[in-house]
Amino acid sequence: MPISYFSDVVKEKVAAVQDYSLLAGRSLTNLFGRPRYYADTLMQADLIGVGSLPIVVLIGFFTGAVLALQTSSTLQQFGSLSLTGQLVALSMVRELGPVLTGILVSGRNSSGMASELGSMKVTEQIDAMRAMGVDPTKKLVTPRVIATVVMLFFLSIISDLVGLAGGFMISYLLLGLDPNQYWTTAYQALRFGDVFMGLGKPVVFGFIIASVGCYYGMSAKGGTQGVGRATTQAVVSASVLIVVTDFFLTKLLMGIFER
Amino acid sequence: MDAPDTLLRFEDVSIAFDQPVLDRISFGLTRGETKVLLGEAGTGKTLVLKLALGLIKPDSGRITVLGQEVSAMREQELYALRRQIGMVFQESALFDSLTVEQNVAYRLIEETRTITDEIHARVLQALEFVELDHTYNLFPSELSGGMRRRVAIARAIITQPEILLYDSPTGGLDPVTSNTIIELVVKQRDVYQTGSLLVTHRLQDAFTMASHYFDRKLNKMVPLEDGSTRNVHTTFVILRDHKIIFEGTAPELLRCHDPYIREYLS
């Protein structure tokens, strides 16, 4: 009995990974076929991009500020306070900007996608769509994937920028650093590999957020309780996947760019 | 080889989930015919509709719809075929974030989301058919259960599909509203001669369909006169224990001596 239970659980997990992979793959192959739902994509872009902007700006700014504040004491011990700009720039652009923005957007939008699509699933709206000859992966999933990838890319850039501004505020007002010195060290520290890493990660994270959110929504079952479960699972899975993927991506890109 | 008038055919179709639900069932639907599926809850009536649409695949057997073998087609191939079929879901399944007009026009505005004057006119025509043309600006949550079913019917018929599938269109509604819905189904049958499969729990609805026709001059459903030879093209299928235990017309059903059917009818 326990062995069959164990094998059932394993089968269930493998089937879930298979279903997720199929859905994620379809969301990409749909890019090359018609129909294309431009209106839905734009609407999602507005919802994800513009909707997430205030929170991304706030979190980005204070992350940069606290980073400068926390590291200043250590840098001061080595007499390297002037490197604050470099430290904030490298940390924000390579790591904190994309990861924090990814986790924020996953909390805000992965859950939104899972609950919206989950509600549609349990009220047979997805079946109704299929019955009317409309492919739900094209109509619902692909527009969300495109919108999230594009918007997370720009949101990460904004997050990096306001993070640097936050770091600057602390450096200038509290640490008394010269503004020119802060911005020069920040700018000069960044190499092509750092910028590539900072801009490449949001593309991968955006895909994870949208595909995981849509997968949990499309596979929701068990009424409103099932929708709630799908929403929670979507946020947890997307956030964990972002952090784990970030580690491997960082390792890979550091190897490639020798940084 | 199917007759040219055959819209839909099930041949030895079986499907099981944890237990068998349908076991080698076979039947056909011809142009202009309405087939009423009856049976207790859980006998697989809704499943028959979902199988016909290819939303679920059978374990074995062949399902042919409009000359194409649905049971052997891939999901991506099925979308074009499904556009020729209208489905009215049990709980209406209207898109709750869209207005009635956007719901009814869904197939026509799928890509653009833009309602042109021509599409607006077609939506109004479909809504007039179900006598709800004043509701086009409302959201489904603002409608009663009966009105939602009627909007679902308007959504299904807007493209004048070849086949209509009704899943308990009168389930959970009061007798007066149920009668309105059945009148719409009869109207669609007699005015447009659309072939349809109708699942219902209400025997009364089934017999109303078999004993009434839609009078275009009076613009309402009227009972057949005594001794009338008018063919209302309505047959009954009864499912029980995974099988079809009866298939025939209303008079044949009433003459049937099977003890279960007698009890079911009483």
Side-chain angles (χ1 to χ4, degrees), chain A residues 4 8 11-12 19 22-23 25-47 112-113 115-144 146-147 217-218 221 223-224 227, chain B residues 46-47 49-56 65-66 70 73-98 102-115 140-141 148 151-152 155-159 161 163-168:
Chain A
S4 78
D8 284 350
K11 273 186 205 163
E12 204 177 293
D19 290 344
L22 286 172
L23 184 74
R26 273 231 67 81
S27 73
L28 291 179
T29 53
N30 285 342
L31 290 171
F32 306 104
R34 294 198 77 86
R36 296 195 178 99
Y37 299 98
Y38 296 114
D40 294 84
T41 310
L42 277 177
M43 205 178 77
Q44 289 301 322
D46 178 50
L47 204 74
M113 288 173 204
S115 62
E116 187 184 349
L117 269 52
S119 302
M120 289 181 77
K121 176 81 192 312
V122 299
T123 54
E124 286 190 311
Q125 290 177 52
I126 303 260
D127 273 348
M129 204 174 265
R130 290 171 67 205
M132 285 194 281
V134 177
D135 182 348
T137 65
K138 279 189 180 156
K139 174 84 176 163
L140 301 172
V141 180
T142 302
R144 282 167 173 77
I146 299 171
M218 299 276 275
K221 52 187 169 201
T224 45
V227 176
Chain B
T46 298
L47 195 58
L49 303 188
K50 291 192 171 175
L51 285 165
L53 269 172
L55 295 176
I56 297 172
V65 178
L66 299 170
V70 169
M73 288 164 78
R74 287 166 52 238
E75 177 79 5
Q76 303 306 315
E77 297 166 340
L78 282 165
Y79 290 120
L81 177 66
R82 287 180 188 148
R83 291 192 191 110
Q84 299 171 64
I85 306 169
M87 168 94 181
V88 177
F89 281 82
Q90 197 164 7
E91 299 295 334
S92 308
L94 297 176
F95 301 114
D96 47 18
S97 52
L98 302 181
Q102 289 167 328
N103 262 288
V104 176
Y106 196 82
R107 285 186 184 192
L108 310 173
I109 58 165
E110 186 201 328
E111 272 191 67
T112 59
R113 282 181 162 236
T114 313
I115 296 184
S141 57
R148 280 204 284 270
V151 172
R155 183 173 72 174
I157 62 166
I158 192 163
T159 50
I163 304 173
L164 272 166
L165 308 171
Y166 301 95
D167 189 2
S168 304

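Comparing B:Gly86, B:Ala93, B:Ser97 by heavy-atom pairs within less than 4.5 Å of chain A, the highest count is held by B:Ala93. Chain B forms the most heavy-atom pairs under 4.5 Å with one residue out of A:Thr137, A:Thr123, A:Val134, and that residue is A:Val134. Ranked by heavy-atom pairs under 4.5 Å with chain A, the list B:Leu78, B:Asp96, B:Ile85 is led by B:Asp96.
Of the inter-residue distances, the one linking B:Asn103 atom CG with A:Gln125 atom CD reads 8.0 Å to the nearest 0.5 angstrom. Taken from CG in B:Asp167 to CD in A:Glu124, the straight-line distance is 7.0 Å, to the nearest 0.5 Å.
Scored by the side-chain contact (heavy atoms from CB on, under 4.5 Å) test, A:Ser119 finds A:Val227 as partners (sequence neighbours excluded).
Of the two parts of B:Gln76, only the side chain, counted from C-beta on, holds a non-hydrogen atom closer than 4.5 Å to a non-hydrogen atom of chain A. Residue A:Met120 touches chain B through its side chain alone, counting heavy-atom pairs closer than 4.5 Å.
Of the candidates B:Arg107, B:Met87, B:Arg82, A:Met132 forms a side chain to side chain contact (heavy atoms under 4.5 Å, CB included) with just one, namely B:Arg107.
Residues B:Phe89 and A:Ala128 approach most closely at CE1-CA, 3.5 Å, considering heavy atoms. The minimum heavy-atom distance linking B:Leu55 with A:Arg130 is given by the pair O-NH2, 3.2 Å.
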